[in-house]
There are 2 protein chains.
Amino acid sequence: MLLELDFQSDVPIYIQLKVQIIEGIATGKLKPGESLPSVRQLAADLGINLHTVNKAYNFLKQDGFLVIHRQKGVVVNPDQSPNVNDEFITRLEGDLRPFAAEAYCRGMTEQQFGEICRNLFIEFKKTRGENI
Amino acid sequence: MLLELDFQSDVPIYIQLKVQIIEGIATGKLKPGESLPSVRQLAADLGINLHTVNKAYNFLKQDGFLVIHRQKGVVVNPDQSPNVNDEFITRLEGDLRPFAAEAYCRGMTEQQFGEICRNLFIEFKKTRGENI
DNA sequence: TAACTGTTATATTATAAATATAACAGTTAT
DNA sequence: ATAACTGTTATATTTATAATATAACAGTTA
């Protein structure tokens with residue numbers, strides 16, 4: 001899977017990695033049980049430091065998206081991704097609220113906002129369908 | 001309007017201020033034309049530095065949420081909040097995508113996700129209705 | 001004149017991000 | 001067994017950003 005970094009972005013590199021890997025799982029480009037490059041390999045490929053990759057991997061491991069397999073190294077969780085629990089929903093609502101507020105302030109309609117959110121979600125559904 | 005800061009949060013203070021002011025406008029707790037505390041006053045009230053407040057105010061001014069009024073100081077844009085333009089939509093989609101991806105990975109349904117987004121939006125509509 | 005407004009400038013401190021090396025324990029393949 | 005790999009841990013340093021501390025300026029207001 002291709003990972004692209006924007007070094008000009010104000011988003012930290014390890015967050016960019018984390019987000020892109022989750023999106024990769026969402027689209028099916030990264031499949032359950034699939035191995036990821038080693039921390040050293042990926043760091044070398046991207047021209048960044050080993051610890052930056054390790055930081056991203058560890059966040060994803062802690063969330064249950066990745067597991068460490070004795071033989072295969074870092075692997076996409078073969079069982080399934082972590083659940084939707086109350087903690088996640090609370091966090092999600094807190095994270096999304098500012099965006100909803102700004103959209104509402106700017107005069108976006110409920111339909112517009114709903115459609116953008118739904119389309120983003122559907123996009124993953126579709127793409128995973130194609131990649132499985 | 002009451003502003004509350006979480007000094008333990010990993011979200012920078014000036015971002016917390018920016019978000020809460022936008023949410024205040026969205027809920028109608030901050031009305032068009034209404035004055036905000038001076039940078040020195042708000043900084044003193046919150047126990048933070050003048051420049052931290054100024055930084056938040058300037059971001060909001062740049063986005064068109066606030067204007068500087070000769071007499072009244074910093075004021076909620078009396079005309080209206082900034083528009084929904086293509087730039088905003090592009091930025092919004094980019095910002096929301098990671099959350100949609102994670103929600104989808106965790107097995108959230110399109111209905112669940114859509115409802116959470118819609119409810120957040122509706123909440124502002126309702127609250128502003130009450131506050132106007 | 002005095003007290004306020006936002007603004008600008010400069011310097012410093014604190015924290016987080018990213019890097020640089022090095023080493024350890026365990027696995028894998030030659 | 002040796003060599004090459006795996007993630008992990010430790011330590012130190014550099015870089016960038018966040019936040020603070022003082023000070024001053026130009027304009028407004030009472």
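Protein chains get the first letters and strands the later ones, always in sequence-line order, with residue 1 at the start of each.
- Pairing for dC5(D) goes to dG26(C), judged as Watson-Crick or G-U wobble with the two contacts each under 3.5 Å.
- To the nearest angstrom, P of dA18(C) lies 8 Å from CD of Q16(A).
- Distances shown here put every side-chain N or O of K72(A) at or beyond 4.0 Å from the OP1 or OP2 atom of dT28(C).
- Under the 4.5 Å side-chain criterion, counting only non-hydrogen atoms from C-beta, I48(A) is in contact with L17(A).
- A single hydrophobic cluster is seen to contain both L42(A) and V76(A), as judged by linkage of ILVMFWY side chains at heavy-atom distances under 4.5 Å, directly or through other members.
- Ion pairing between a basic and an acidic side chain is recognised when a charged N comes within 4.0 Å of a carboxylate O; R106(A) and E102(A) show such pairing.
- In this structure, the CG atom of L42(B) is 14 Å from the P atom of dA19(D), given to the nearest Å.
- The pairing partner recorded for dT20(D) is dA11(C), the criterion being a Watson-Crick or G-U wobble arrangement whose two distances lie under 3.5 angstrom.
- Taking only side-chain nitrogens and oxygens, K55(B) never comes nearer than 4.0 Å to OP1 or OP2 of dT8(C).
- The phosphate of dA17(C) has neither OP1 nor OP2 within less than 4.0 Å of any side-chain N or O from T52(A).
- A close approach under 4.0 Å does occur between a side-chain nitrogen or oxygen of N54(A) and OP1 or OP2 of dT8(D).
- Contact annotation for Y14(A): backbone-only contact, meaning every heavy-atom pair under 4.0 Å involves sugar-phosphate atoms and none involves a base.
- If you check distances only, the side chain of R70(A) never reaches the base of dG26(C) with a donor-acceptor pair under 3.5 Å.
- Across all strands shown, the partner of dT15(D) is dA16(C), judged by Watson-Crick or G-U wobble contacts whose two distances both fall under 3.5 Å.
- F88(B) and F113(A) fall within the same hydrophobic cluster, where Ile, Leu, Val, Met, Phe, Trp and Tyr residues are linked whenever their side-chain heavy atoms come under 4.5 Å apart, directly or through other members.
- As judged by a 4.0 angstrom heavy-atom cut-off over every strand, D10(A) is placed among residues making no nucleic acid contact.
- In the hydrophobic cluster analysis, where Ile, Leu, Val, Met, Phe, Trp and Tyr join through side-chain heavy atoms closer than 4.5 angstrom, I13(B) is grouped together with L46(B).
- For V39(A), the side-chain atoms get nearest to dT8(D) when compared with the rest of dT8(D), dT20(D), dT7(C).
- Taking 4.0 angstrom as the limit, N58(B) places a side-chain polar atom (N or O) nearer than this to OP1 or OP2 of dT7(C).
- Distance Q8(B) CD to dT15(C) P: 11 Å, rounded to the nearest Å.
- Following rounding to the nearest Å, Q62(A) (CD) and dT8(D) (C1') show an atom-to-atom distance of 15 Å.
- At a cut-off of 3.5 angstrom, counting only N and O atoms as typed in the model, there is no donor on one side facing an acceptor on the other between the side-chain of H51(B) and the base of dA18(D).
- Side chain R40(A) to base dT8(D): a donor-acceptor pair is found below 3.5 Å.
- Between I15(A) atom CD1 and dA17(C) atom P the separation is 7 Å, expressed in whole Å.
- Distances shorter than 4.0 Å separate some side-chain N or O of S38(A) from OP1 or OP2 on dT6(D).
- The distance between atom CZ of F59(B) and atom P of dA18(D), rounded to the nearest whole Å, is 7 Å.
- The base-pairing partner of dA30(D), taking Watson-Crick or G-U wobble contacts with both distances under 3.5 Å, is dT1(C).
- When each of I13(A) and Q71(B) is assigned the nucleotide of DNA chain C with its nearest heavy atom, Q71(B) is the one assigned upstream, toward the 5' end.
- At whole-Å resolution of the value, CG in L60(B) and P in dG6(C) are 14 Å apart.
- Rounded to an integer number of Å, the gap from N49(B) CG to dT12(C) C1' is 12 Å.
- Between the side chains of Q41(B) and D45(B), at least one donor-acceptor pair of N or O atoms lies under 3.5 Å.
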